[in-house]
Amino acid sequence: MKCIFCGCDDLKVIDSRPVDELNAIRRRRECNSCGKRFTTYETVETTPILVVKADGSRQQFDVNKIKNGIIKSCEKRPVTMHDIDEMVAKIEKKIYNSLEQEISSKKIGEMVMNGLKELDDVAYIRFASVYRQFKDSNSFLEELKKMLDKK
């Protein structure tokens, strides 16, 4: 690390604090040469993960897409944002811990469905109806029967 004012690499850290929303550490630094202070942020470097879509195309993994899909499924349901955030964090952790550089959208969809199944039955069915692209009411009923049989 070098001073942004004079370029000297003789710095001292004055203060360090976690920044929760960024999953980072904020550091206040002071240059021993010019005496000026500045702030830096330290984050964990992650290797990019690509999502392989059904058509074979690839795009960078975006945890916000998962969160938005879950929020839509849980709309007007007694599911708290804390529960949603926990579920998203578990899925994200599972994806990064797999150490794979590519993951299929189908695998991600199954993780979301498993999480929603535990969280809320209606949200699960809503997500499944979009994810599995139910063509008619019969395919919808089949999924409901599977869910009820497991209970």
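What you see is a predicted model; the values in this text were computed from it and never measured. One-based numbering along the sequence shown.
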*Asks:* Could you give the distance from CZ (R77) to OG1 (T80), rounded to the nearest 0.5 Å?
*Replies:* 13.0 Å
*Asks:* Does I103 share a hydrophobic cluster with V52, counting links as ILVMFWY side-chain heavy atoms below 4.5 Å and allowing steps through other members?
*Replies:* no
*Asks:* Please list all pairs passing the salt bridge (charged side-chain N to carboxylate O under 4.0 Å, His left out) test where one or both residues lie in residues 63-74, with sequence neighbours left out.
*Replies:*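 Residue pairs passing salt bridge (charged side-chain N to carboxylate O under 4.0 Å, His left out), neighbours aside: K67-D85.
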*Asks:* Restricting to side chain to side chain donor-acceptor pair (under 3.5 Å), what partner residues turn up for Q60, sequence neighbours left out?
*Replies:* none
*Asks:* What closest approach, in Å, do L116 and C74 show between heavy atoms, and which atom pair accounts for it?
*Replies:*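 The pair with the smallest heavy-atom distance is CD2-SG, 3.9 Å.
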*Asks:* Report all side-chain donor-acceptor pairs from residues 89-98 shorter than 3.5 Å, counting only partners two or more places apart or in another chain.
*Replies:*
from	atom 1	to	atom 2	distance (Å)
N97	ND2	K93	O	3.4
S98	OG	I95	O	2.7
S98	OG	E100	N	3.3

*Asks:* Quick check for you: to the nearest 0.5 Å, what is the distance between S73 atom OG and D120 atom CG?
*Replies:* 9.5 Å
*Asks:* Under 3.5 Å, side chain of D83 to main-chain N/O of V79, donor-acceptor pair present?
*Replies:* no
*Asks:* Rounded to the nearest 0.5 Å, what's the gap from CG on L99 to CD1 on I49? Could you check?
*Replies:* 8.5 Å
*Asks:* Is there a donor-acceptor pair under 3.5 Å between the side chain of R126 and the backbone N or O of E75?
*Replies:*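 Yes; at least one donor-acceptor contact below 3.5 Å.
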*Asks:* With side chain to side chain donor-acceptor pair (under 3.5 Å) as the rule and sequence neighbours excluded, what pairs involving residues 101-110 come up?
*Replies:* R58-E102
*Asks:* Which atoms form the tightest heavy-atom contact between L11 and C31, and what is the distance?
*Replies:* CD2-CA, 3.6 Å
*Asks:* For residues L119 and M87, report the shortest heavy-atom separation together with the two atoms involved.
*Replies:*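 Heavy atoms of L119 and M87 come nearest at CD2-SD, 3.9 Å.
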*Asks:* Taking all heavy atoms of M113 and all of A128, pick out the closest pair and write down the distance.
*Replies:* CE-CB, 4.0 Å
*Asks:* Should I25 and Y41 count as side-chain neighbours, where that means a heavy-atom distance under 4.5 Å?
*Replies:* no
*Asks:* Which pairs count as side chain to side chain donor-acceptor pair (under 3.5 Å) when at least one residue sits in residues 4-19, sequence neighbours excluded?
*Replies:* D10-N32, D15-R17, S16-R27
*Asks:* As an exercise, state the distance from CZ of R29 to CZ of R37, rounded to the nearest 0.5 Å.
*Replies:* 13.5 Å
*Asks:* Write down the atom of F5, the atom of C34, and the distance for their closest heavy-atom approach.
*Replies:* CB-SG, 4.3 Å
*Asks:* Give the cluster check for V13 versus M1: same hydrophobic cluster or not, with ILVMFWY residues linked at side-chain heavy-atom distances below 4.5 Å.
*Replies:* no
*Asks:* Is it true that M81 and V88 fall in one hydrophobic cluster, defined by side-chain heavy atoms closer than 4.5 Å?
*Replies:*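 Yes, M81 connects to V88 through the hydrophobic network.
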*Asks:* In this structure, would Y124 and V130 fall into the same cluster of hydrophobic residues linked by side-chain contacts under 4.5 Å?
*Replies:*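 Y124 and V130: separate clusters.
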*Asks:* Measure the spacing between CD1 of I108 and CZ of F61 and express it to the nearest 0.5 Å.
*Replies:*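 Separation between the atoms: 5.5 Å.
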*Asks:* Please enumerate all residues that pass side chain to side chain contact (heavy atoms under 4.5 Å, CB included) together with T47, with sequence neighbours excluded.
*Replies:* none
*Asks:* Which heavy atom of F38 sits nearest a heavy atom of K2, and at what distance?
*Replies:*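 Looks like CZ-O, 3.9 Å.
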*Asks:* Measure the spacing between CD of E30 and NZ of K36 and express it to the nearest 0.5 Å.
*Replies:*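 It is 12.0 Å, given to the nearest 0.5 Å.
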